[in-house]
Amino acid sequence: MKISVFGSGYVGLVQAAVLAEVGHDVVCMDIDEQKVESLSQGQVSIFEPGLAALVREGLEAGRLHFTHDDQLAVQHGQVLFIAVGTPSREDGSADLSQVLAVGEAVARYREQPLLVVEKSTVPVGTGDALRAHIDKCLLKASRLLQFDIVSNPEFLKEGSAVADCRRPDRIVIGCERDEVRDTMRDLYAPFNRNHDRILFMDLRSAELTKYAANGMLATKISFINQIAELAEHLGADIESVRLGIGADSRIGYHFIYPGCGYGGSCFPKDMRALIHTAEQAHCSSDLLQAVETINQRQKHKLFERIQAFYKGDLRGKTFAVWGLAFKPNTDDMRDAPSRTLLEALWAAGASVRAFDPEAMQQTQQLYPDESKLMLMGTPESVLPGADALVICTEWQPFKAPDFDLIQQRLKAAVIFDGRNLYDPDRMADKGFAYFPIGRGQSCNLPIAQQTWFQASRSA
Ligand SMILES: NC(=O)c1ccc[n+]([C@@H]2O[C@H](COP(=O)([O-])OP(=O)(O)OC[C@H]3O[C@@H](n4cnc5c(N)ncnc54)[C@H](O)[C@@H]3O)[C@@H](O)[C@H]2O)c1
Ligand SMILES: O=c1ccn([C@@H]2O[C@H](COP(=O)(O)OP(=O)(O)O[C@H]3O[C@H](CO)[C@@H](O)[C@H](O)[C@H]3O)[C@@H](O)[C@H]2O)c(=O)[nH]1
């Protein structure tokens, strides 16, 4: 099938490459000329396991093409995916200007019937608004076009985007006509062989499904982080609690890892947009707001812990940071919790030496001032002379490090762990002052709480 994909970011590029892999003839369009140029030569600027090889295979097979010519791209496919950005506006709502711009290109250049598929995450009602926008543009240009709007939200996770697209848990399709359903079923047939993963529904339900999925996942994270805070204050261990609740199959082990808050390009933005949508619809959004508030607090947790340990004076101190990307296996720094930490440390007069296996270039572009941030080539090289080690992202190589080496190189054996990678008892045995998240007595409680805790234990 001939397919056009607008946007060659994490979603558009992966979708285009995976569709080309199964035999579709795909043209991927982006307004970023430099990106198009590099992609046409098989150079992928984002880090996503398996993606670069897949793009090169698609190019070599002649089934994947990149262009910045919107006319060519609009005219190519019988199905056109919109995978452009939908960033937050100041009031939290989703900025749909990139989506509407694609609609304008459709109205300007398309002559044959077309399925316009929303792949971007867009608020409920966007499908209707997009249809009205295209109709308005057509009317203005005195043109006629037969087109349908389909909602087909994307659920891929960064770091496993190719695998998620090849084997989706479900394929949600919101549309209105049987003929459209048949085309979408044909398009996704290679991904739907072993059991039927396609869920057809109406447009608005499909749009809401995407936000509800992210809302549910974000809620799980803020829930466990709130319980982690409680565990700290009560002298309980959140890691035992996590296992204890995860064993209940109704709860499960997924997405209940406590940490230094959720980040990335999706959860924070989509939670804000969902809250905005609820407000616009005069519905309550208390739960969603609480999830966001808890997350904001959680992102400051590491800094607060560090500040408490050094009694509020961080001037002249240096911190070694492991992990900058918002999660492992990506180089994405969008809304990464590490950024909250770095910026707070700098504001308090400290400097940072940091390492991340993939996000160094992105970080360098964001924070070029070397007097504040020194980016080093290995995890070990950030340690010499640093006052403490801080862990923001749970990359594999950080999970079993050489603790003797850490101890030798740091000024003092102090670790603040935003991802609970190590066993507190073993760390104490090794002579570390170790501060994880939600692990009872190891969490550097303020003195008043420690006194209360000790008193309540001996009572
Ligand atoms: N990143 C994820 O993990 C993920 C997962 C699921 C859904 N989503 C959603 O998918 C959408 C895209 O996300 P992303 O992370 O791929 O964004 P991105 O910023 O990585 O990529 C968007 C791309 O669209 C291009 N673009 C902008 N306007 C354009 C236009 N008019 N025509 C063609 N290209 C245009 C940009 O140059 C950019 O390359 C968002 O709505 C996001 O919420 C993202
Ligand atoms: O138990 C957990 C799981 C995740 N996180 C954090 O949550 C954030 C998001 O993680 P993840 O969901 O794995 O990454 P994303 O790539 O942002 O994917 C989410 O956002 C995408 C964009 O909408 C959706 O498509 C995916 O289904 C959804 O998982 C990261 O900062 C993680 O560190 C935790 O703190 N604890």
Side-chain angles (χ1 to χ4, degrees), residues 4-16 28-36 39 45-46 48 66-70 73-74 80-88 94-106 118-123 126 152-161 164-165 168-170 210-211 213-218 220-225 228 242 246 252-271 273 295 298-299 323 325-330 332-338 392-395 418-420 437:
S4 303
V5 178
F6 274 65
S8 65
Y10 287 86
V11 170
L13 185 58
V14 175
Q15 175 77 0
C28 188
M29 189 271 168
D30 204 289
I31 50 169
D32 184 335
E33 286 191 32
Q34 215 182 327
K35 213 181 218 182
V36 170
L39 286 170
S45 63
I46 52 176
E48 194 58 59
F66 295 97
T67 182
H68 50 83
D69 181 340
D70 55 352
V74 164
L80 182 152
F81 283 94
I82 302 182
V84 297
T86 48
S88 274
D95 179 349
L96 297 175
S97 54
Q98 296 178 27
V99 173
L100 297 178
V102 180
E104 283 154 31
V106 166
E118 297 171 339
K119 201 54 159 156
S120 300
T121 302
V122 289
T126 301
N152 170 215
E154 180 54 61
F155 299 100
L156 67 78
K157 302 177 289 301
E158 288 184 24
S160 57
D164 290 347
C165 262
D169 291 335
R170 76 297 209 188
K210 174 64 196 176
Y211 283 97
N214 277 1
M216 182 74 190
L217 292 169
K220 287 183 86 172
I221 300 170
S222 280
F223 175 81
I224 200 74
N225 282 336
R242 179 176 65 76
Y253 295 106
H254 293 296
F255 261 77
I256 51 169
Y257 288 92
C260 48
Y262 60 74
S265 67
C266 294
F267 286 174
K269 160 179 89 71
D270 294 347
M271 288 304 287
N295 194 54
Q298 201 68 15
K299 282 172 135 183
F326 83 97
K327 61 182 265 191
N329 294 321
T330 179
D332 200 339
M333 288 293 291
R334 290 180 285 184
D335 259 317
S338 67
C392 289
T393 318
E394 67 278 32
W395 284 93
R419 298 293 172 184
N420 287 1
I437 303 278

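Counting convention: from 1, in listed order, for ligands and their atoms alike.
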Taking both backbone and side-chain atoms of Thr86, is any N or O found less than 3.5 Å from an N or O belonging to ligand 1?
yes
With nothing but distance in play, are any N or O atoms of Lys269 less than 3.5 Å from an N or O of ligand 1?
yes
Show, in sequence, the C-alpha distance, side-chain angles and deciding distance for Cys266 and Asn214, and conclude whether the side-chain contact (heavy atoms from CB on, under 4.5 Å) test is met.
CA-CA 8 Å; Cys266 294; Asn214 277 1; 4.0 Å; yes
Does any N or O of ligand 1 fall below 3.5 Å from an N or O anywhere on Cys266, backbone included?
no
In the protein, which heavy atom is nearest to atom 21 (O) of ligand 1, and how far is it?
Gly9 CA, 3.2 Å
Tell me the protein heavy atom at minimum distance from atom 24 (O) of ligand 1, and give that distance in Å.
Gly7 CA, 3.5 Å
Give the contacting part of Ile46 toward ligand 1: side chain, backbone, both or neither, where contact means a heavy-atom distance below 4.0 Å.
neither
Side chain, backbone, both or neither: which part of Ser265 comes within less than 4.0 Å of ligand 1 when only heavy atoms are counted?
side chain
At a 4.0 angstrom heavy-atom cut-off, what protein residues surround ligand 2?
Glu154, Phe155, Leu156, Lys157, Glu158, Lys210, Asn214, Leu217, Ile221, Phe255, Ile256, Tyr257, Tyr262, Gly263, Cys266, Phe267, Asp270, Phe326, Lys327, Arg419
Protein heavy atom at shortest distance from atom 9 (C) of ligand 1
Thr121 OG1, 3.4 Å
If you measure every N or O of Tyr10 against every N or O of ligand 1, does any of those distances drop under 3.5 Å?
yes
One should read off an interatomic distance between Arg242 CZ and Tyr253 OH, to the nearest 0.5 angstrom, of 8.5 Å
Near Glu158 (heavy-atom distance under 4.0 Å), the atoms of ligand 1 are 1 (N), 2 (C), 3 (O)
Among all protein heavy atoms, pick the one closest to atom 11 (C) of ligand 1 and tell me residue, atom and distance.
Val84 O, 3.2 Å
Closest approach of any protein heavy atom to atom 8 (N) of ligand 1, naming residue and atom
Val11 CG2, 3.4 Å
Tell me, which protein residue and heavy-atom name are nearest atom 27 (C) of ligand 1, and how many Å apart are they?
Gln98 OE1, 3.1 Å
With a 4.5 Å limit on heavy-atom distance, are the side chains of Pro123 and Tyr211 in contact?
yes
Closest non-hydrogen protein atom to atom 6 (C) of ligand 1, residue and atom name please, with distance?
Glu154 O, 3.3 Å
Below a 4.0 angstrom heavy-atom separation, can you tell me which part of Arg334, side chain or backbone, both or neither, approaches ligand 1?
side chain
Counting from 1 in the order shown, the ligand 1 atoms closer than 4.0 Å to a non-hydrogen atom of Gly85 are 22 (C)
Value rounded to 0.5 Å, distance of CG in Leu217 from CG in Asp270
11.0 Å
Working for side-chain contact (heavy atoms from CB on, under 4.5 Å), residues Arg419 and Cys392:
CA-CA 7 Å; Arg419 298 293 172 184; Cys392 289; 5.9 Å; no
Between Phe223 and Ile256, is a side-chain contact (heavy atoms from CB on, under 4.5 Å) present by the stated rule, with each step listed?
CA-CA 8 Å; Phe223 175 81; Ile256 51 169; 5.8 Å; no
Side chains of Lys269 and Thr121: do they bring a donor and an acceptor to under 3.5 Å?
no
Heavy atoms of Leu156 and Ala161 approach each other most closely as CD1-CB, 3.7 Å
Cut-off 3.5 Å, side chains only: do Thr67 and Asp69 have a donor facing an acceptor?
no
Check whether Phe155 forms a cation-pi arrangement with Arg170 (NZ or CZ under 6.0 Å from the six-membered ring centre, at most 45° off the ring normal).
yes
Below 4.0 angstrom from a heavy atom of Phe6, which ligand 1 atoms are there? Numbered from 1 as shown, please.
32 (N), 33 (C)
Going by side chain to side chain contact (heavy atoms under 4.5 Å, CB included), name the residues that satisfy it together with Tyr10, two or more places apart in sequence or in a different chain.
Ile46, Glu48, Glu158, Thr330, Asp331, Asp332, Arg334
Determine whether the side chain, the backbone, both or neither of Pro153 has a heavy atom under 4.0 Å from any heavy atom of ligand 1.
neither
For Ser160, the side chain to side chain contact (heavy atoms under 4.5 Å, CB included) test, sequence neighbours excluded, returns Lys157, Asp164
Judging by distance only, is a nitrogen or oxygen of Lys210 under 3.5 angstrom from one on ligand 1?
no
Atom pair NZ/NE2 of Lys35 and His68 - distance to nearest 0.5 Å:
13.5 Å
Interatomic distance, OG@Ser88 vs CE@Met271, rounded to 0.5 Å, equals 12.0 Å
For Ile221 and Tyr257, run side-chain contact (heavy atoms from CB on, under 4.5 Å): C-alpha distance rounded to whole Å, both residues' side-chain angles, the deciding distance at 0.1 Å, then the answer.
CA-CA 7 Å; Ile221 300 170; Tyr257 288 92; over 6 Å; no
For atom 31 (N) of ligand 1, which of Val122, Val102, Asp164, Val14 has the closest heavy atom?
Val102
Could you tell me whether the side chain of Lys210 and the main chain of Glu154 form a donor-acceptor pair under 3.5 Å?
yes
With a cut-off of 4.0 Å, which atoms of ligand 1 are near a heavy atom of Lys35?
38 (C), 39 (O)
Can you list the atoms of ligand 1 that are under 4.0 Å from a heavy atom of Met29?
32 (N), 33 (C), 34 (N)
Across all chains, not counting sequence neighbours, the ring-ring contact (aromatic ring centres under 6.0 Å, His included) partners of Tyr262 are Phe267
Quick one: nearest non-hydrogen protein atom to atom 37 (O) of ligand 1, plus distance?
Asp30 OD1, 2.6 Å
